[in-house]
Amino acid sequence: MIRLAAILICLAAPGVFAGSAESFAAANRDFESGDHAKAAAAYEKILATEGPRASVYYNLGNSYQKLGQYGPAILAYERARLITPRDPDLKANLALARKAAAAFEEPRIHPRLDAALLFLSRNEWSWLVAGASLVFGGSILAGCVFRPSSRNVRRAWIAAAAVALFAVITGSTALHLRRDEARRGVILTDSADVRLSPFASAESLGTPGPGRTVYLRERQGDFHYIEVPSSNLKGWLSSRDVAPVMPDDPASAGIPAANNPSPSGTGG
Amino acid sequence: MVNLRCFQPPTRLLAGVILWCLLGLAPALSAAEVEAMLDRESVPAGNGAMLTLRISGGRAQPPQMPVVENLIFQQGGQSQEMRIVNGITSVSVAYSYVVGSHIPGDYQIPPIKVKVDGEEIQTQPLRLKVLDSAAGQPPAGMPGTDAGDETDGGERRFGFLTVEFADNNRTHAYVGEIAPVRIRAWIPADSRANLRSGIQPEAKGFTLHNVSDRPQQTEEMRDGKRYLVVTWFGGISATRAGKYPASLSVDATVAVRDTNALKPPARRRGGFFDQMFEDMNVPMIQKDVTLKSEDQEIEVRPLPKEGRPAGFTGAVGDFKFDGVEIPAAWTTGEPQQVRARLSGSGNFALMKAPELTPPDAWKSYPGIDEFTAGDNASFSGAKVFQFSAVPRKSGSRETSLQFSYFDPAAGEYRTIVSPAHGITVTGDDLAEDQIPEEPAPVTPPKKEGGLVAQRQEISDRASLVPLVSRPAFIPLLGAGGSLALLGLMIAGVRHRLADPQRLALAAVEKAVEESLANAGQCAAAGNVAGFFAAARLAIQHRLGRMWNQPALAITLAEVQGRMPHESPVARFFIEADRHAYSPTSGAGIAPEWKSLLNEAMTSLKPSDP
């Protein structure tokens, strides 16, 4: 039975991939023809059916940027950055969107440290830690079992264990320093009002503006408690106005429909 | 033996004498000094400055203050300070005075003469500016007046923020503009302040960015009061028109004079200078405050519709052409590169490429652009555009580039035109449908209106959730740790197995077992001599390990020398010797011998190394 299922999956996979590639090409044609709204909808559909893909997020971000919807554009770029953190094109377009939306990243206190920390994505840091942990454990086990008699082999074994241990410590430190990133969110709409309490009628404390990165804290009903970095602005924001960069539900790859301002016009 | 106590009193006495000499002579070794200083250069009329006269290096008579017309000195107090640095003692006396006047003007305090150890020393002259306070009484709520403090009652007396456009002629910003602003924190000059944060925008309607990292510090007068002013520069931009409160803030710790703390009401109704001098010696109160700019508004106006040029694409600022490259020879329908450099100040993010004139004779395509900032805040700079264009009409003519923008300072649209270039276009005039759709790409990578182009290949599926947030992460880490632990356990076991003490013990026990087995066989065969010989050998092996000497070298004499005579080991050795030297035959092995052997072996039970 399991074999049968595996065979079916193997047979179906190329067809699924070909279908998504075709949809992707069609969305690209929509984009190139200037119908950015249609392209955005097509990219969203691919994400909803096929799951997260860096290139789809990237193109989706471009589509939203063309439509002047900088919040969803920045969210799409940020999600793409989770997968491809060193993509220079992605960085350039994200910077353009941030500049256009005047939603700049919080100033870096230690630029060099931040550059080192951000060189790898959190996923890559995690794999580094996990892999180095296995290498460290494996090298300790191998050394103890085989007990190399050659001095050179013994040195190489000690060096491998030391490098692996260093990687574990460095990666764990990086993950610890970037632990807040799991709670990052992006403001989607122009009229996102931060309110004093989690009610639509509560007093507005301010409007962070679309594309602004915020930290999502607790949630009550349809409201998130948010903190705006480099600002005193803290309060409750409607879930329709903000979306987490890393979705709570891994299956929800697309930008939630309720949060997504309906694409209108073809944009510039 | 020497009694040290005998020498202690003279040692102490000597040390005391040395210390007395040092303390007594040290002031004489250092030259006498007199220093006078004012804690500020100017004061409003009716207020006073603190004058401190510090005398060091000798005994001084109380100083006599000079007489200056309209200037009043009132003694505040006296303090003494003794310091010992590197064994040298210095004593200084500080006299404090409150100096002020009710008449504005520039006053010079002449040198103050002080007699120190009989010698007359004088200070340097000082200057004090008394400002006209009547001309600028602070309004209610502003820091500095009791009335204001009491009526306001809030934190504004600790300071406040103001936000102004950097261009003094500006009263408003425009949508899309990054308007330079000057943000100033006003802190009373007679207070002490420590800023604990940078400027923090509350983000109500506008965005503040590119705020300077290093603010400037000056002293300025405002409404008759002197303030320490900390100035930042930044830019504001808004995407919607309207009036927005300039809700900026900065956290600070400010210590101000608590003018209300020690003044009884009766005293406050006293003479003018009574109040003035009382004000000078009141305590400071310190508070963590947030300086705000709540009572100000920033007006953001929409771009006017009137006079908007047809080619206006949203640029707001002040720009000019710095260089234009237009090929001289063209053929209708064939694209060529046009390059232009525009510099100035404004929102460069909204700038789009200039257009060729006359517009109906050209078809232009999106190209690439590159911005170079002219300052840290990116308010000024230059942008280079490079794009393809196709001429529609043939002939020789002059052409140029034109660019329209909105000048926020003038409040009107402007169109600038580059110097004219003479060009020749050959070929036939093209109709609209004859224009090629896609010109040759400019330079890789292709850009779409500033964007790096779309991805053409779909990438593999990936997860947005990093491994660290997935359940598999901990088991993976655990597997690595388990492998390391397993390796360490194996190493431990191997180390234990290879332990020489353990190996020696095992060898001894093996020999003991063999000897006991041999003794058992002899007992079964009724060989008394063999039983005792084998059993004694087993005991000797145990004793040999315990005493760390060869087993066969252990004799009854040694056993009796190291163990009690009644011990089972000694008793067994005696019995064994008896049977060795006077053997008995046919009697068999008595049960008590076996019991004695067991008792002896039990008493020598080995312990783990």
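Just so it is clear, the structure is predicted and the values come from calculations on it, not from any experiment. Below, read A as the first sequence line, B as the second, and so on, with proteins coming before strands; counting in each chain starts at 1.
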Just verifying a value: how many Å separate A:S63 OG and B:Q454 CD, rounded to the nearest 0.5 Å? 5.0 Å
Residue, of B:G492, B:A479, B:G478, B:G480, that accumulates the most heavy atom pairs under 4.5 Å with chain A: B:G480
Identify which part of A:A54 has an atom lying under 4.5 Å from any heavy atom of chain B, answering side chain, backbone, both or neither. both
When you measure from the side chain of A:D89 to the backbone of B:V452, do you find a donor-acceptor pair of N or O atoms at a distance under 3.5 Å? no
Most contact-rich option vs chain A, by heavy-atom pairs under 4.5 angstrom, among B:A484, B:A491, B:S469, B:A472, is B:A484
Sub-4.5 Å side-chain heavy-atom contact between B:L483 and A:F136: no
Less than 4.5 Å apart, side chain to side chain, heavy atoms only: is that true for A:I46 and B:I458? yes
Rounded to the nearest 0.5 Å, the CG atom of B:L486 sits from the CG atom of A:L141 at a distance of 5.0 Å
Side chain, backbone, both or neither of A:I140 within contact of chain B (heavy atoms, under 4.5 Å): both
N/O donor-acceptor pair under 3.5 Å between B:S459 side chain and A:S55 backbone: yes
Would you mind checking which part of A:V194 comes under 4.5 Å of any heavy atom in chain B, side chain (CB onward), backbone (N, CA, C, O), both or neither? neither
Using the rule side chain to side chain contact (heavy atoms under 4.5 Å, CB included), only one of A:R179, A:R178, A:R122 pairs with B:V468; which is it? A:R122
Non-hydrogen atoms of chain B under 4.5 Å away: do they reach the side chain of A:Y70, the backbone, both or neither? neither
So which part of B:E457 gets closer than 4.5 Å to some heavy atom of chain A, the side chain, the backbone, both or neither? backbone
Roughly how far, to the nearest 0.5 Å, is the CG atom of B:L451 from the CD atom of A:Q65? 4.5 Å
If I compare all heavy atoms of B:G481 with all of A:S133, which pair ends up nearest, and what's the gap? N-OG, 4.1 Å
Are the side chains of A:V56 and B:R461 in touch, meaning some heavy atoms are under 4.5 Å apart? no
Neighbour count above 12 (heavy atom, 6.0 Å) for A:W127 CH2: no
Between A:N123 and B:L467 (side chain of the first, backbone of the second, donor and acceptor by atom type, cut-off under 3.5 Å), is there such a pair? yes
Rounded distance [0.5 Å steps], CG in B:L464 versus CG in A:L82: 5.5 Å
Ignoring hydrogens, what is the shortest heavy-atom contact between A:Y58 and B:R455? Give both atom names and the distance. CD2-CG, 3.4 Å
Which heavy-atom pair separates B:I490 from A:C144 by the least distance, and what is that distance? CG2-O, 4.1 Å
Quick check on B:L485 against chain A: is it the side chain, the backbone, both or neither that has a heavy atom closer than 4.5 Å? neither
In terms of heavy-atom proximity below 4.5 Å to chain B, should A:N28 be classed as side chain, backbone, both, or neither? side chain
